[in-house]
Amino acid sequence: MARKILCVAEKPAIARAVATHLSGGSMQTRSIRGTQFVKNYEFDFNFGGAWGNCSVTMTSVVGHLTGLDFERQYKGWTSCPPGSLFEAPVQEAVDKDKLPIAENIRNQARFSKALFIWTDCDREGEHIGSEVRHQAKSGNARIEVKRAKFSNTERAHVLRAAREPVELDDLQANAVAARIELDLRIGAAFTRLQTLQLQTLVAVLQEKVISYGSCQFPTLGFVVDRYLRVKNFKPEPFWGIKVMLKRDDIKVNFLWRRVHLFDRAAVTMMLERCLAAKQAKVTKVNQKPTSKWRPLPLTTVDLQMMGSRFLRLDSQTIMKVAETLYTKGYISYPRTETDQFDKAIDLKSLVEKQLQDQGWGQYARELLDGKFRTPRWGRHNDKAHPPIHPVCWVSPNQLQANEKKVYEFVVRRFLACCSDDAKGQTSEVEIQYGEEMFHANGLIVLERNYLDVYVYDKWESSQRLPAFQRGELFEPTEANISEGKTTAPNYLTEPELIGLMDANGIGTDATMAEHIAKIKEREYVATHNRGGGRSSVQELIPTRLGVALVEGYDNVVAGLPNSVSLSKPFLRKEMELRMLEICAGTKTRQDVVQESLDMYREVFIHTQRRIDMLKDACRKYLVEEAAS
DNA sequence: GCAAGGTC
């Protein structure tokens, strides 16, 4: 009898895709009692080498199998002092709704010679793989464990992954295990402490959960930080010099190289020297080709940022809609950090699928008729998923309003990626007037290219500059002082917040939108509309509670050496660096858990000791300010 | 009633 091999993917969609490729399309699909999404696919496959021809069962989990929680006697909120959660015993258990999935793996392992793990090739994937291995081994202690290494589900790539398996990376799995334990202990300890302490303080906080999370709080911190900058902003006056020349009926405004200065007397003096010189001299005339680059292949973070900006949907809605489009098979997997299209993907055949569209079919035709360009190559690759792209065409009347918007964006972005940059010509004229330098710029757009399909980018010709000769002298039509003052920054918008989270390593592509939704749900922040109509933008403004928490924690650690406020991304970043050390093998999981717990425990102890500062801040904003 | 990370 042929040897049996069990393959397990991270999600049903990958199991199906891989099974389809390995089986060449002829496989048996079996459903599993107790679970809706997971299926077992049975087929034969020749793995080559030592394995040879095998009978295969390909199945999947649905993300993580297990969860970590405190032992029973620590679960009640008043069962123990919150601080003891830093040491309280924890246990890992298969989630209730995942029990049939775990059982399926144990059963299948029993008759299998080997387990091939097909989870995503990222850190969480290695951990999920270790959970799968644990189940398989408890069904069959002697099962041999291998890991398939793949970064997309293109056929040849999948076949190679099957024939050249590697080992599971326990270091990465350990790093995730450390993160899971830390998030649980720290989140629960601070959440219980602040909830129990603050609930009884003011009536509006009764019944409320005042959660703390290592991602939630820095996210809140960004919102409060911007809010305070807006609130404390003091406008400052400045002065500049503007020079205008009217030639060929065109008004040319020259901009000052110094832009502006905050000293009126100095600017006046500089202007007088210009006027005294009477004539300005053209020092440089430059015409050169320029281009506006087509966008990079689409990542999740970019989808959320661009989506909030142009589709007027918040990031969580965008992800929900994108997921629906993915499940229906219209677009590729929407959670990806990759902005490089693998060489093996047949992009032209994807363009071809869009030919029938009323809106952009004609544009797709032109790409196939010779205007197609290989997409730009970004700097990110998560080695698990390709950039987000349309998989097939769908008629707009089969989609709901939001689905239509997101699908259209994904398609236009994809076609833009496969297009040429927009081309133009800039002209620059530089003049010296007295001692000061000024310049004027003009732009002519010559070829719109990708702009024709990517309606979200704007690049337009400015007024044409009249002809200038290098070395020529002219007398400006006008030269005078301009006056202005610095303006306050705006409140944070969602795309800006996602950008900040991304830059500071807060959350992942899949969770950033959830963290933002969480701090809204907790009523730490609220959204307001700035402006009206089509140009209105959603702004994030902290509530009184949100400001109070950040100010309270900032006060708790103020003046203490080495203690960083929980509202800053610093502690989370530190944790991330330690996880990388586990992956590199320079630290163990136990070391990192202890070190990070020590770090957070110190803040915890300060918080307990100076809890009045947290309470004072809440009183200040929730009682006094609310009354005034 | 707590977290963040997978995925449906």
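Chain naming here is simple, since letters A, B, ... match the order of the sequence lines and numbering starts at 1 in each.
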Participant: Ignoring hydrogens, what is the shortest heavy-atom contact between A:Tyr326 and A:Ala13? Give both atom names and the distance.
Facilitator: OH-CB, 3.2 Å

Participant: What is the per-nucleotide protein-contact pattern of nucleotides 1-7 of chain B, from the 5' end, where B denotes a base atom under 4.0 Å from a protein heavy atom, S denotes such proximity for sugar-phosphate atoms only, and - denotes neither?
Facilitator: BBBBBBB

Participant: Answer yes or no: is there an ion pair linking A:Arg335 with A:Asp122, defined by an N-O contact shorter than 4.0 Å?
Facilitator: no

Participant: Would you call A:Lys404-A:Glu408 a salt bridge at under 4.0 Å N-O?
Facilitator: no

Participant: Under a 4.0 Å threshold between the charged nitrogen and the carboxylate oxygen, would A:Arg33 count as salt-bridged to A:Glu103?
Facilitator: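 Salt bridge: no.
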
Participant: For residues 77-86 of chain A, which residue pairs pass the side chain to side chain donor-acceptor pair (under 3.5 Å) check, not counting sequence neighbours?
Facilitator: none

